[in-house]
Amino acid sequence: MTKVSMTVNGTAASGEVEGRTLLSSFLREQLGLTGTHVGCDTSQCGACVVHVDGKAVKSCTMLAAEADGAEVATIEGQAAADGSLNAIQAAFQEHHGLQCGFCTPGMVMSAAALLKDNPKPSEQDVREYLEGNLCRCTGYHNIVKSIMAASGQDVSALAVE
Amino acid sequence: MYNFEYEKPSSVVDAVAALASDEAQALGGGQTLIPTMKQRLASPAKLVSLSGVAEMQGVSADGGLLTVGGAVTHAEVAAQASAYPALARMAGRIGDPAVRNRGTIGGSLANNDPSADYPAAALASAATVVTNAREIAADDFFQGMFDTALDEGEIITSVKFAVPQAASYQKFVQPASRFALVGVFVAKHADGVRVAVTGASEEGVFRWGEAEAALSADFAADAIAGLSLDPSGMIGDLHGTKEYRAHLVGVMTKRAVAAAT
Ligand SMILES: Cc1cc2nc3c(=O)[nH]c(=O)nc-3n(C[C@H](O)[C@H](O)[C@H](O)COP(=O)(O)OP(=O)(O)OC[C@H]3O[C@@H](n4cnc5c(N)ncnc54)[C@H](O)[C@@H]3O)c2cc1C
Ligand code: FES
Ligand code: FES
């Protein structure tokens with residue numbers, strides 16, 4: 001076992017992990033942050049996306065030990081302390097960007113990473129950035145619409161299927 | 001995934017020493033190795049992380065040479081390899097953003113997946129793979145599907161690319177895996193054109209010699225109009241037959257020549 005320490009959503013967190021402990025397991029099972037979902041566990045679906053030092057990564061495909069000393073951000077840290085949703089979360093609610101909600105934590109974290117680098121993405125930019133985030137419910141249109149809306153762009157003309 | 005010991009050295013010397021123990025394996029970005037270990041297709045006793053080795057970081061351009069550290073991620077190459085635009089664009093289309101934020105050039109070349117993008121780029125660029133022990137020309141490095149010239153415990157510390165006069169990589173994406181169904185990297189160098197093909201052959205990445213000769217004489221898409229590849233030895237699977245892949249190589253080569261800048 002090795003000791004790992006990291007900052008998770010601005011708060012110091014540490015624990016003992018095995019070599020094989022995944023970041024997703026550490027967050028969910030040791031820190032109780034079950035908002036990070038494990039959909040496939042095979043690096044395909046993106047439900048487990050979190051930020052490590054500001055970059056979107058699939059937490060099911062990163063060892064917890066590799067995140068030692070890092071700044072980690074998860075879906076739990078997206079809303080304000082009083083529970084009010086951030087712009088991306090609010091847009092997902094407003095534009096029906098989720099149905100079952102399973103993919104949503106990863107979608108929101110990927111969207112946050114995109115908008116940090118590209119505050120006014122085109123629809124094409126959004127679709128390309130979501131290449132590694134799968135959703136079995138929505139058909140993606142409303143997810144794309146939500147992210148475009150969160151970036152402050154007019155989405156009235158976007159497809160609504 | 002079976003358990004293993006984890007080590008994170010901070011220098012190449014320490015990494016090589018850590019890899020000398022029995023059943024130790026290097027960990028790059030883990031985007032191939034971790035899924036493989038989850039399936040228990042690999043079960044190293046020890047993983048030696050290369051992410052803390054500062055000398056394996058960084059992208060630098062000097063004259064006509066672009067040097068990429070062995071632990072540099074695909075996202076970093078996409079953002080920083082502006083001296084070699086075709087390479088930067090290739091790196092920016094590997095997998096998806098989260099994969100690109102972790103996966104490394106060293107891991108991709110060492111793995112030599114028959115459908116991976118970097119092997120085609122390295123072969124077409126006549127790149128030099130630099131390891132802790134020696135320098136290996138790309139022509140000698142790739143030795144068939146998932147096989148390379150690397151010895152046990154040898155690590156890729158950097159890769160040197162001679163920036164071509166013009167180049168383009170054209171990838172026909174297999175939409176489920178996001179790997180190349182067929183990808184062709186065309187690079188026009190002062191001493192001739194190199195055409196490297198990934199995704200197509202059962203032997204892994206290869207150079208298409210006939211197309212190279214035709215394009216070296218006349219660097220135009222029409223120059224290869226009459227050429228075709230023998231489908232035997234091509235990969236045939238549910239995503240595409242051997243014949244389909246052989247045909248696609250010609251199509252992607254023409255597109256690459258037309259797009260080369
Ligand atoms: C969803 C998904 C989509 C992908 N799409 C593509 C794609 O479109 N195109 C593509 O080319 N690839 C794709 N990949 C693979 C990806 O590019 C991997 O990053 C890459 O193949 C391996 O790099 P890594 O740094 O993650 O290596 P790891 O997984 O850490 O290691 C792979 C192998 O290389 C060895 N190794 C690692 N670093 C070194 C080094 N410096 N020296 C020597 N040996 C080393 C390891 O021991 C291991 O055997 C995809 C992966 C995923 C999960
Ligand atoms: S759970 Fe990590 S990519 Fe699906
Ligand atoms: S909302 Fe159900 S998987 Fe996306």
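Note on naming: letters A, B, ... go to the chains in the order of the sequence lines (proteins, then strands), and numbering restarts at 1 for each one. Values below: all heavy atoms of this structure, side chains included; hydrogens, waters and symmetry mates excluded.
The local environment of NZ in A/K3 is sparse, with at most 12 non-hydrogen atoms from other residues, nucleotides or ligands closer than 6.0 Å. No more than 12 heavy atoms of other residues, nucleotides or ligands shown are found within 6.0 angstrom of CD on A/Q93. Heavy-atom contacts from other residues, nucleotides or ligands closer than 6.0 Å to CZ of B/F146 number more than 12.
Considering every non-hydrogen atom in both A/E66 and B/G28, the closest pair reads OE1-O, 4.2 Å. Nearest heavy atom pair, residue A/Q44 against residue B/R178, reads O-NH2, 3.5 Å. Of all the heavy atoms in B/G95 and A/E131, the pair that sits closest is O-CG, 3.9 Å. The nearest pair of heavy atoms linking A/T61 to B/Q31 is O-NE2, 3.2 Å.
For the set A/S43, A/S110, A/G19, the entry with the most heavy-atom pairs within less than 4.5 Å of chain B is A/G19. Counting heavy-atom pairs closer than 4.5 Å to chain A, the top-ranked of the candidates B/S177, B/P97, B/P175 is B/P97. Ranked by non-hydrogen atom pairs under 4.5 Å with chain B, the options A/L22, A/V49, A/T2 are led by A/L22.
When side chains are defined from C-beta on, B/T73 does not count as touching A/K55, because their heavy atoms never get closer than 4.5 Å.
Heavy-atom distances place the backbone of B/A176, and not its side chain, under 4.5 Å from chain A. Heavy atoms closer than 4.5 Å to chain A are found nowhere in B/R100, neither backbone nor side chain. Contacts of A/D41 with chain B are made by both backbone and side-chain atoms, with heavy-atom separations under 4.5 Å. Residue B/L33: no heavy atom, backbone or side chain, is found under 4.5 Å from chain A.
Distance check, rounded to the nearest 0.5 Å: OG of B/S43 to CZ of A/R20 gives 12.0 Å. For the atom pair B/M1 CE and A/S25 OG, the distance stands at 7.5 Å (nearest 0.5 Å).
Checked by atom type and distance alone, the side chain of B/N101 never pairs as donor or acceptor with a backbone atom of A/V57 at under 3.5 Å.
Looking only at atom types and distance, the side chain of B/Y6 has no donor-acceptor partner in the side chain of A/E18 under 3.5 Å away.
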Please report the C-alpha distance between B/L47 and A/L63 in whole Å, then the side-chain angles of each, then the deciding distance to 0.1 Å, and finally whether the side chain to side chain contact (heavy atoms under 4.5 Å, CB included) criterion is met.
-> CA-CA 11 Å; B/L47 279 192; A/L63 302 178; 4.2 Å; yes

inquiry  = Determine whether B/V99 and A/K58 satisfy the following criterion, side chain to side chain contact (heavy atoms under 4.5 Å, CB included), listing intermediate values before the conclusion.
reply    = CA-CA 7 Å; B/V99 167; A/K58 291 175 176 173; 4.0 Å; yes

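At a threshold of 4.0 Å, the pair B/K8-A/D68 does not count as salt-bridged, since none of the basic side-chain nitrogens sits closer than that to a carboxylate oxygen.
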